[in-house]
Amino acid sequence: MWQPNKLEQERLEKIQRLEAAGVQPYPPRIERTHTAAQALAAQELYEAEHPDVPDAPPPPVVTVCGRIRRVNLKGKVSFMHIEDGTGRIQLFLRINDVGEAVYDQITGKLIDTDDFVQATGSMMRTKAGEISVRVTEFRLIAKSLSPLPVVKQQVQDDGTVVEYGEFSDVETRYRQRYADLAVNRSVRDVFIKRARAISALRRFFDDQGFLEVETPVLQTLYGGAAARPFTTFHNELEQTLFLRISFELYLKRLLVGGIDGVYEIGRDFRNEGVSYKNNPEFTMLEFYKAYIDYRGVMDIIERMFGYVVPEVKGSLKITYQGSEVDFSPGFKRITMRDAIKQYAEIDYMEHPTAESLEKAIRAMGREIAPGQPWGKLVEYLFGEYVEKRLIQPTFVMDYPRDISPFAKRVDYDNFHVERFEIYAGGMELGNAFTELNDPRDQEQRFLDMAKLYEKGDEDETPLDEDYLRAMRYGMPPNGGFGMGIDRFVMMMTDQRSIRDVLLYPHMRDEK
RNA sequence: GGCCCCGUAGCGCAGUGGUAGCGCACUGGACUUUUAAUCCAUGUGUCGUAGGUUCGAAUCCUACCGGGGUCACCA
């Protein structure tokens, strides 16, 4: 139940006074001829076409709408800045122009900062040089009852905006994203960039001849990754269902069906910890393409970043957390083994069993959980010694087989598979394989994976009989890729926390 | 889940055992070209919640709630 605070009480009283004076605080219809940006552009065009001459035609007349962001009452003349989705524009209000009744609403503070208003007038430029609307008609179109946090802005000579006062409490910002967006311009910019990144990705794959598809979110068997799923229940069918943890197995079935290139952008759900880089639901891109291997995937990835990064940032070079990252094609390529040799100064192939590798890691002075599979130990070394140092885009190639159940073996040994992950800015961006298409090998991998996990461990990848059935019909050789879009957006917007690229990050219940 | 830090006015913060403060916002007033407007004046609180210690608690202790960081797990 809402308990209005003192400021809200004041505004409730104002709304009553306005209604008593016959003002509708939330009228159903409004007029608008120009956005803020259009009105500013119209005046600039007018001034360019009609330099200061005595017989110039009258300036453009506009009706603009927006939220009041700043009020400056100055006796019988007042200034306001209103803001719509395109930007801010100043209103110049004189008692002579708008009439005493309306002007009294303003000076009587019945109109507040944060209210939405509509204003009509001809364009002008103030003595201080700011393009403004000389308002003749002015009215409230939506009253604000709760004041937004106050952030003042000063526009510098070079056009940059300095903000004074701030709305920075992260909990309130996440819980009340609407207020955060209304007040913090930079937050809006993050989500504009996010949308631009996703639409550029779609454009890229569409142009490359991929078919965008949608596969089930509710699945009777989860798979394609190692993660705990969310579980739900279909009442009528009396069916236990899982929210998908990846799209992989459903997308690859489509290659069997003759679709040579598919991609999906959507939500995955993983029932795991929440952190600065993990949210229980997150957005994933996966694509699969027939007749290429993981080297072909690398070529596509380089072209993908080569297209998308400039679409979002205007350049192939970006700055992430203080480091310049250059997405120009020709990314560095290094095998997992060489990367670990180089940064951890250990050749894990000298320890080809889990027992000996575990011992070797302990000999390096590291405390690790006992009994982990060999591939996990290799991954541990990579995470501890290598990952954070891969700032420039790098393909890390050839992963341990025992932690990669959907990738084809390399041709040079039995320990590795044709899998790579791409790293940039010290963060993993995506994961790709030469996809395994031998149904006999795939079945064995499912069985091997099951041995790695305790019985009942939800992380295990369940054996998916239907997936094997599809593969037995014949699956074309293919390469596939998956990327966490949120993390990519973090990089594109230089945000350290995934919560800052999600409009509504997951939170505990309030109180 | 473990450990560390945080929670005071609408927002940003100070106050660390003795009368709850500052800036902005808000409220009243002055000002017909201001722009972080300026000037004058007046208000503003379950100090996250519940217990405890104490003559006395925003302050010390305990538990709980919420947030952040970190470790574990992961994309």
Side-chain angles (χ1 to χ4, degrees), chain A residues 3-11 13-14 69-81 88 90-97 103 107-109 112-114 124-130 132 134 145-156 161-175 179 183-184 224-228 245-246 268-286 367-369 376 379-380 383 421-422 427-431 457-459 482-488 490 496-499 505 507-511:
Chain A
Q3 293 291 341
N5 63 35
K6 184 174 171 287
L7 299 176
E8 291 168 332
Q9 286 285 6
E10 285 170 4
R11 290 194 176 185
E13 283 159 24
K14 289 173 181 185
R69 297 310 305 273
R70 167 181 164 264
V71 180
N72 181 10
L73 301 177
K74 225 185 154 302
K76 296 188 170 54
V77 62
S78 300
F79 300 86
M80 284 181 189
H81 278 121
R88 293 189 179 199
Q90 181 166 261
L91 307 182
F92 176 58
L93 300 118
R94 293 197 313 158
I95 190 166
N96 322 39
D97 294 335
Y103 200 80
T107 48
K109 308 272 187 75
D112 289 293
T113 309
D114 308 325
M124 59 169 289
R125 206 178 263 273
T126 62
K127 277 182 186 165
E130 180 167 352
S132 308
R134 186 192 302 272
L145 288 181
S146 301
L148 286 165
V150 178
V151 176
K152 292 191 174 188
Q153 296 188 342
Q154 183 181 31
V155 181
Q156 308 285 78
V161 175
V162 180
E163 294 194 332
Y164 297 87
E166 54 182 340
F167 175 40
S168 57
D169 181 77
V170 288
E171 180 177 356
T172 316
R173 285 182 44 231
Y174 296 154
R175 289 195 193 279
V183 163
N184 293 321
R228 294 174 62 191
I245 59 172
S246 88
D268 273 342
F269 306 86
R270 298 191 183 176
N271 206 337
E272 282 161 359
V274 179
S275 79
Y276 73 95
K277 56 178 179 176
N278 297 76
N279 197 65
E281 52 181 302
F282 62 100
T283 302
M284 192 77 183
L285 159 76
E286 290 190 26
E367 288 300 321
I368 47 167
K376 287 251 179 197
E379 253 189 348
Y380 169 83
E421 291 190 340
I422 175 159
M427 188 161 67
E428 187 209 326
L429 281 182
N431 183 16
D457 185 335
E458 287 178 296
D459 272 7
M483 173 169 82
I485 292 209
D486 311 288
R487 290 188 181 173
F488 176 59
M490 285 164 69
R496 214 189 79 81
S497 171
I498 195 170
R499 299 179 192 107
M507 294 260 150
R508 283 197 164 85
D509 282 346
E510 217 171 337
K511 273 162 205 148

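Throughout, protein chains are lettered first and strands after them, A, B, ... in sequence-line order, and every chain is numbered starting at 1.
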- Give the minimum heavy-atom separation between A:Leu145 and A:Glu8, together with the two atoms involved. O-CG, 3.4 Å

- Shortest non-hydrogen separation from A:Tyr276 to A:Arg499 and the atoms involved: N-NH2, 4.0 Å

- If the C1' atom of B:C40 is compared with that of B:C31, how far apart are they to the nearest Å? 12 Å

- Message: With a 4.0 Å cutoff (strictly under), does any side-chain N or O of A:Arg70 reach OP1 or OP2 of B:A25?
- Response: no

- Message: Is the phosphate of B:A37 approached by A:Lys152 (side-chain N or O, under 4.0 Å from OP1 or OP2)?
- Response: yes

- Of the candidates B:C74, B:U32, B:U35, the side chain of A:Thr126 sits closest to B:U35

- Item | Between B:G43 and B:G28 - P atom distance, rounded Å | 15 Å

- Please state whether the phosphate of B:C26, meaning OP1 or OP2, lies under 4.0 angstrom from any side-chain nitrogen or oxygen of A:Lys14. no

- Query: Has the side chain of A:Glu10 got a donor or acceptor atom sitting under 3.5 Å from an opposite partner on the base of B:U27?
  - Reply: no

- Is the phosphate of B:G69, meaning OP1 or OP2, less than 4.0 Å from a side-chain N or O of A:Arg499? yes

- Message: Under 4.0 Å from OP1 or OP2 of B:U27: is there any side-chain N or O of A:Lys109 that close?
- Response: yes

- Task: Whole angstrom is fine here: how far is it from CD in A:Glu171 over to P in B:G68?
- Result: 7 Å

- A:Gln9 CD - B:G10 C1' separation (whole Å): 14 Å

- How many Å lie between CD on A:Gln3 and P on B:G48, as a whole number? 19 Å

- Message: Please report the distance, rounded to the nearest Å, between CD1 in A:Ile245 and P in B:C73.
- Response: 17 Å

- Message: Once you apply a heavy-atom cut-off of 4.0 Å, does A:Leu73 come out as touching a base, just sugar-phosphate, or nothing?
- Response: base

- How many Å lie between NZ on A:Lys127 and P on B:U33, as a whole number? 6 Å

- Query: Using the P atom in both, what is the distance from B:C5 to B:C60, to the nearest Å?
  - Reply: 12 Å

- Touch check for A:Arg11, heavy atoms < 4.0 angstrom, all strands: base, sugar-phosphate only, or nothing? nothing

- Message: Using a heavy-atom cut-off of 4.0 Å across all strands, would you classify A:Glu130 as base, sugar-phosphate, or nothing?
- Response: base

- Euclidean distance for C1', B:G45 against B:G68 (whole angstrom): 25 Å

- Using Watson-Crick or G-U wobble geometry with both distances below 3.5 Å, tell me the partner of B:G43, or none. none

- Query: Within the side chain of A:Asp114, is there an N or O that forms a donor-acceptor pair under 3.5 Å with the backbone of A:Leu148?
  - Reply: yes

- Item | Separation of the P atoms in B:C22 and B:U49, to the nearest angstrom | 22 Å

- Which part of the nucleic acid, if any, lies within reach of A:Lys277 when heavy atoms closer than 4.0 Å are counted: base, sugar-phosphate only, or nothing? base

- Considering only heavy atoms and no angle criterion, is a donor-acceptor pair shorter than 3.5 Å present between the side chain of A:Gln153 and the base of B:U35? no

- To the side chain of A:Glu272, which of B:C73, B:G10, B:G66 is closest? B:C73

- Query: Is it true that a side-chain atom of A:Asn431 and a backbone atom of A:Glu421 form a donor plus acceptor pair closer than 3.5 Å?
  - Reply: no

- Counting only Watson-Crick or G-U wobble pairs whose two distances fall under 3.5 Å, which nucleotide matches B:U70? B:G2

- How would you label the contact of A:Asp169 with the nucleic acid (heavy atoms, under 4.0 Å): base, sugar-phosphate, or nothing? sugar-phosphate

- Query: Hey, are the side chains of A:Leu285 and A:Phe488 touching, using non-hydrogen atoms and a 4.5 Å cut-off?
  - Reply: no

- Note on the structure: Side-chain contact check for A:Val150: nearest option of B:A75, B:G10, B:G12 is B:G10

- Task: Name the closest nucleotide to the A:Ala128 side chain, picking from B:G67, B:A75, B:U34.
- Result: B:U34

- Would you check if the side chain of A:Arg270 reaches a backbone N or O of A:Ile245 as a donor-acceptor pair within less than 3.5 Å? yes

- Could you pick out which residue, A:Met284 or A:Asn72, lies toward the 5' side of RNA chain B when each is mapped onto its nearest nucleotide? A:Asn72

- Task: For B:G18 versus B:A58, give the span between their C1' atoms, rounded off to a whole number of Å.
- Result: 13 Å

- So what does A:Gly484 touch, heavy atoms closer than 4.0 Å: a base, only the sugar-phosphate, or nothing? nothing

- Task: Have a look at A:Asp112 and tell me which of A:Arg69, A:Arg70, A:Lys14 forms a salt bridge (Lys or Arg N to Asp or Glu O under 4.0 Å) with it.
- Result: A:Lys14

- Query: Base, sugar-phosphate, or nothing for A:Glu163, non-hydrogen atoms under 4.0 angstrom?
  - Reply: nothing

- Task: Would you classify A:Tyr276 as touching base, sugar-phosphate or nothing, given that sugar-phosphate means primed atoms plus P, OP1 and OP2, and contacts are heavy atoms under 4.0 Å?
- Result: sugar-phosphate

- Note on the structure: Among B:C11, B:A75, B:C26, the one nearest any side-chain atom of A:Thr113 is B:C26

- Task: For A:Ile498 and B:C74, give me the distance from atom CD1 to atom P, rounded to whole Å.
- Result: 16 Å

- Pairing partner of B:U32, by Watson-Crick or G-U wobble and under 3.5 Å for both distances, is none

- Query: If you measure from the P atom in B:U38 to the same atom in B:G52, how many Å do you get, rounded?
  - Reply: 49 Å

- Task: Could you measure between the two C1' atoms, the one in B:U53 and the one in B:G10, and give it in whole Å?
- Result: 35 Å

- Query: In whole angstroms, how far is the C1' atom of B:G12 from the CZ atom of A:Phe167?
  - Reply: 11 Å

- Under 4.0 Å between any heavy atoms, over every strand shown, what does A:Leu429 touch: base, sugar-phosphate, or nothing? Just pick one. nothing

- Kindly indicate whether the side chain of A:Met490, heavy atoms from C-beta on, has any atom under 4.5 Å from the side chain of A:Met427. yes

- Message: Both A:Val274 and A:Thr283 contact RNA chain B. Taking the nearest nucleotide for each, which residue is further toward the 5' end?
- Response: A:Val274

- Task: Tell me what A:Ser168 touches on the nucleic acid: a base, only sugar-phosphate, or nothing, going by heavy atoms under 4.0 Å.
- Result: sugar-phosphate

- Hey, does A:Arg508 reach any base, or is it just sugar-phosphate, or nothing, if we go heavy atoms under 4.0 Å? sugar-phosphate

- What is the distance from CG of A:Asp112 to C1' of B:G10, rounded to the nearest Å? 13 Å

- Item | Any donor-acceptor N/O pair under 3.5 Å between B:U35 base and A:Arg69 side chain | no

- Note on the structure: By the Watson-Crick or G-U definition, both distances under 3.5 Å, B:G17 is matched with none

- Task: Using both distances under 3.5 Å as the test, list the Watson-Crick or G-U wobble partner of B:G51, or none.
- Result: B:C61

- Task: Identify whether any heavy atom of A:Asn279 sits under 4.0 Å from a base atom; if not, whether one sits that close to sugar-phosphate; answer base, sugar-phosphate or nothing.
- Result: base

- Query: So which nucleotide from B:G10, B:C26, B:A75 ends up closest to the side chain of A:Asn5?
  - Reply: B:G10

- Within-4.5 Å side-chain heavy-atom neighbours: A:Pro280 and A:Val274: yes

- Watson-Crick or G-U wobble partner of B:C26, both distances under 3.5 Å: none

- Message: Tell me the closest heavy-atom pair linking A:Glu286 and A:Ser246, and the distance in Å.
- Response: OE2-CB, 3.7 Å

